[in-house]
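Written below as structure tokens is the structure these notes are about.
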Amino acid sequence: MTRNDNPPGEPFPPTSKKTIFNRLPTKWLLVIVLAVVLTGWLLNTPPGLEGKSDAVGYAVCHQIFERSFKINGQPISLCARCTGMYVGVLLGLVYQLLLGRRRSAWPERKFQIVLAIFFIAFGIDGINSAARLFLQHGLIYEPNNTLRLLTGTGMGLTMAAVILPTFNQTAWKQFSPDPYFQDWKQFGGMVAVGYTSAGLILTELPAILISFTIIGVLGVLAILMLLYTMLWMVVLRRENQVNHTSQLIPWILGGLITAFVHIALLDLGRFWLTGTWEGFHIEIG
């Protein structure tokens, strides 16, 4: 039993004064903070849904004009590689969640080999594209937006397959020791979803590009939110403390707040350096 040294009828020590900070639940305080951060960001970024989408991409992507898919001559919010990566990561996360909850084991070795191939392909194509930027020619082959999209998609699926089980290991008090993929059918399903989306993007139809631009932007927010949520749990030493989804809400809010602060600071820094919200215009292939 906890000892109570307060006089009868005094539930709080005389020096303890109730304020808004101990009257409101933590999650509502975090909602207020998120609203303030989000409002500040919204008021200081380009107008409209397209402008806000571009502002998210502005924080994480070079947005080089020549390396982006375009709608009516205007580049979408993420370059071809980042479009594939962030669309892939969001679709990969959603696909795994549909397979089951709280699974914590990384994919089996046979699936890791495929994911490693995706990772290596992403690295090779990235280095080759960087060579085209600085040397005016590719080291191995002439890079193009199709390969950037395809290798980016593979990288996004790889990120999803690693991050979601890691998140479950970090957040939940009780989690399943099973991996998300039990067989090649389930793993192949995720790959098929990712590369079907890439095929649709390659049609470059405006309605499809708009849809996948939004999915890609949501992928940016999702991956940053998950990473920062895990970081806060580790920093505050609260790993494996969540029993119910409702208990996860404050952590998700904290991760989302930090994600928007991250985006806002990068937006501010880039705008301060360049003076424009546009992507880079570089005469390259």
Side-chain angles (χ1 to χ4, degrees), residues 56-69 75-96 106-135 137-167 179-181 184 187-202 204 209 212-213 215-224 226-227 262 266 279-280 282 284-285:
V56 173
Y58 188 80
V60 298
C61 176
H62 55 61
Q63 298 177 320
I64 293 176
F65 185 86
E66 291 78 8
R67 294 187 175 184
S68 303
F69 295 109
I76 62 176
S77 302
L78 298 162
C79 72
R81 191 185 314 281
C82 286
T83 296
M85 183 166 65
Y86 292 113
V87 166
V89 77
L90 184 65
L91 295 181
L93 290 171
V94 171
Y95 180 88
Q96 290 176 97
W106 282 16
E108 296 178 21
R109 185 174 297 275
K110 58 187 177 183
F111 304 132
Q112 289 182 22
I113 292 173
V114 178
L115 296 174
I117 292 172
F118 289 160
F119 178 82
I120 292 169
F122 178 86
I124 291 174
D125 194 64
I127 292 171
N128 194 64
S129 290
R132 181 69 176 84
L133 177 62
F134 295 107
L135 304 177
H137 62 81
L139 293 175
I140 306 173
Y141 53 85
E142 190 64 20
N144 58 72
N145 284 344
T146 297
L147 286 175
R148 293 183 183 110
L149 175 69
L150 296 178
T151 56
T153 299
M155 184 61 180
L157 297 176
T158 301
M159 292 165 61
V162 170
I163 288 172
L164 187 56
T166 304
F167 178 83
Y180 275 99
F181 309 114
W184 282 105
F187 179 78
M190 183 185 73
V191 175
V193 168
Y195 280 101
T196 297
S197 71
L200 292 172
I201 292 169
L202 287 174
E204 299 190 54
L209 285 181
F212 280 105
T213 297
I215 292 173
V217 168
L218 293 176
V220 174
L221 296 175
I223 197 68
L224 288 176
L226 289 176
L227 290 173
H262 173 121
L266 289 176
F280 294 113
I282 304 175
I284 53 176

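These numbers come from a predicted model, not from an experiment. Only heavy atoms go into these numbers, but all of them, side chains included; no hydrogens, no water, no symmetry mates.
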Validation row: Pro143, Arg148 side chains within 4.5 angstrom (heavy atoms): yes

Answer yes or no: is there a side-chain heavy-atom contact under 4.5 Å between Thr153 and Ile201? no

Under a 4.5 Å cut-off applied to non-hydrogen side-chain atoms, are Cys82 and Val60 in contact? no

Main-chain N/O of Leu150 paired with Tyr195 side-chain donor or acceptor, under 3.5 Å: yes

side-chain hydrogen bond (donor to acceptor under 3.5 Å, both in side chains) assessment of Ser129 paired with Arg81: CA-CA 10 Å; Ser129 290; Arg81 191 185 314 281; 3.0 Å; yes

To the nearest 0.5 Å, atom CE of Met159 lies from atom CG of Leu90 at 11.0 Å

Decide yes or no for Trp184 and Val114: does some side-chain heavy atom of the first lie under 4.5 Å from some side-chain heavy atom of the second? yes

Could you give me the CA-CA distance, side-chain angles and deciding distance for Leu226 and Leu93, then say whether side chain to side chain contact (heavy atoms under 4.5 Å, CB included) is met? CA-CA 11 Å; Leu226 289 176; Leu93 290 171; 3.9 Å; yes

Pairwise side-chain contact, Phe181 with Glu108, heavy-atom cut-off 4.5 Å (strictly under): no

Assess the residue pair Leu149 and Phe69 against the criterion (side chain to side chain contact (heavy atoms under 4.5 Å, CB included)); give the C-alpha distance rounded to whole Å, side-chain angles, the decisive distance to 0.1 Å, and a yes or no. CA-CA 10 Å; Leu149 175 69; Phe69 295 109; 4.1 Å; yes

Trp106 vs Val162 side-chain heavy atoms within contact, under 4.5 Å: yes

Criterion side chain to side chain contact (heavy atoms under 4.5 Å, CB included) on Leu78 and Cys61, from CA distance to verdict: CA-CA 6 Å; Leu78 298 162; Cys61 176; 3.9 Å; yes

When you compare the side chain of Phe187 with that of Lys110, does any pair of heavy atoms fall below 4.5 Å? no

